[in-house]
Amino acid sequence: MGQRQLTPLPRPFYDRPVLAVARDLLGAVVRHGEVAVRLTEVEAYAGGHDPASHAFRGPTQRNAVMFGPGGHAYVYFTYGMHFCMNLVCGPDGSASAVLLRAGEVVAGVDAARMRRPGASERDLARGPARLTKALAVDRALDGADVTSRRSALQVVAGERVPDDAVRRGPRVGVNAAHDVPWRMWIDGEATVSVYRRHVPRVHSKK
DNA sequence: AAGAGGATGGCCT
DNA sequence: GGCCATCCTCTTC
């Protein structure tokens, strides 16, 4: 085993086009406290011209972090109960980000199990909201700098994933631009989430 | 001020 | 495959 990487990926890592960052995040490790997750699936979201991006209609209170510098976490709340985590990237103000969709818990499995009772080891971080649950990432970490050595939330380099192991396809749960293959995952990984096409939800009212 | 719907997940058949 | 919990955020009036 190689020497343990203790230094978070630096800011310049994120100051690149979102697709390049997304690709290189595969195999990288997100750590929050004792729990660490090796990323096996991510999705790229561009800034103002991507109709699927939260930044599409300009800055709001929720997406403000997206318009800031790269290397910060954009965490949002959805469906009344879940959090999802992105990493802001690209030049400052480009408002692009990479959604962390799934990964393999490589440290702190016991702590992750406590947070995800009943889940199999494979499912601990298999899905964007499961991943934040396993890592205990929530609203409090919106805007957190993941490049700081003293940050509780960090992203460190992992083993490089070869090009022929990187697969691409349409983004999950997204109507707009479903033709754009900006979802990326590592071929053959058990922790990659199950693909689900976007289904408009019927509003059940009393 | 109100309504619609969501970058999901868990449980059901 | 379907259903729906649960509440925040944005849009529109």
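As the structure is a computational prediction, the values presented were derived from the model and not from experiment. Below, chains carry the letters A, B, ... as their sequence lines are ordered, and counting in each starts from 1. Reckoned from all heavy atoms, side chains included, excluding hydrogens, waters and symmetry mates.
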inquiry  = Has Ser96(A) got a side-chain atom pairing as donor or acceptor with Cys89(A)'s backbone, closer than 3.5 angstrom?
reply    = yes
request  = Not counting sequence neighbours, list each pair that qualifies as a salt bridge (charged side-chain N to carboxylate O under 4.0 Å, His left out) and has a residue in residues 50-71 of chain A.
outcome  = Asp50(A)-Arg171(A)
request  = List in chain and number order the residues that pass ring-ring contact (aromatic ring centres under 6.0 Å, His included) with Tyr76(A), two or more places apart in sequence or in another chain; answer none if no residue qualifies.
outcome  = His54(A), Tyr74(A)
ask   = Looking at residues 85-116 of chain A, who's got a heavy atom less than 4.0 Å off DNA chain B?
value = Asn86(A), Leu99(A), Arg101(A), Arg116(A)
query = Can you tell me how far CG of Leu26(A) sits from CG of Leu39(A), rounded to the nearest 0.5 angstrom?
reply = 7.5 Å
query = Within the side chain of His72(A), is there an N or O that forms a donor-acceptor pair under 3.5 Å with the backbone of Val88(A)?
reply = no
ask   = Does any pair with a residue in residues 148-178 of chain A pass ring-ring contact (aromatic ring centres under 6.0 Å, His included), and if so which ones, sequence neighbours excluded?
value = none
remark   = Walking DNA chain C from its 5' end, the first of Arg139(A) and His82(A) to be reached, judged by nearest nucleotide, is His82(A)
query = Given Watson-Crick or G-U pairs with both distances under 3.5 Å, what dot-bracket string fits DNA chain B, with | for other-strand pairs and [ ] for crossing?
reply = ||||||.|||||.
inquiry  = Between dA5(C) and Tyr79(A), is there a base-stacking contact, meaning the centre of the base's six-membered ring lies under 5.5 Å from the residue's ring centre while the planes stay under 30° apart?
reply    = no
task = For Leu124(A) and dG10(B), give me the distance from atom CG to atom P, rounded to whole Å.
result = 11 Å
task = With sequence neighbours excluded, give me every salt bridge (charged side-chain N to carboxylate O under 4.0 Å, His left out) pair touching residues 134-160 of chain A.
result = Asp24(A)-Arg160(A)
inquiry  = With rounding to the nearest 0.5 angstrom, report the OG1 to CG distance, Thr60(A) to Asn63(A).
reply    = 3.5 Å
Using a cut-off of under 3.5 Å, enumerate the N/O to N/O pairs linking the protein to nucleotides 11-13 of chain B.
none

Donor-acceptor pair, side chain of His32(A) and main chain of Leu153(A), under 3.5 angstrom = no
ask   = Do Ser53(A) side-chain atoms and Ala46(A) backbone N/O form a donor-acceptor pair below 3.5 Å?
value = yes
inquiry  = Which residues in residues 177-191 of chain A have a heavy atom closer than 4.0 Å to any atom of DNA chain B?
reply    = none
query = Hey, does the side chain of Ser120(A) reach the backbone of Asp123(A) with a donor-acceptor pair shorter than 3.5 angstrom?
reply = yes
task = Round to the nearest Å and state the distance from Phe83(A) atom CZ to dC7(C) atom C1'.
result = 10 Å
task = Could you list the residues that satisfy salt bridge (charged side-chain N to carboxylate O under 4.0 Å, His left out) with Asp92(A), not counting sequence neighbours?
result = none
request  = Report the distance from atom CE of Met81(A) to atom P of dA7(B), rounded to the nearest whole Å.
outcome  = 14 Å
query = Got a sec, which pairs hit ring-ring contact (aromatic ring centres under 6.0 Å, His included) with one end in residues 80-101 of chain A, sequence neighbours left out?
reply = Phe77(A)-Phe83(A)
inquiry  = Could you check whether Arg16(A) makes a cation-pi contact with Tyr14(A), meaning its NZ or CZ is under 6.0 Å from the centre of the six-membered ring and within 45° of the ring axis?
reply    = no
key: Qualifying salt bridge (charged side-chain N to carboxylate O under 4.0 Å, His left out) pairs, either residue in residues 93-122 of chain A, two or more places apart   = Arg38(A)-Glu104(A), Glu41(A)-Arg101(A), Glu43(A)-Arg101(A), Asp110(A)-Arg113(A), Arg113(A)-Glu121(A)
ask   = Can you list, by residue number, the residues of residues 51-77 of chain A that have a non-hydrogen atom closer than 4.0 angstrom to DNA chain B?
value = Ala52(A), His54(A), Tyr76(A)
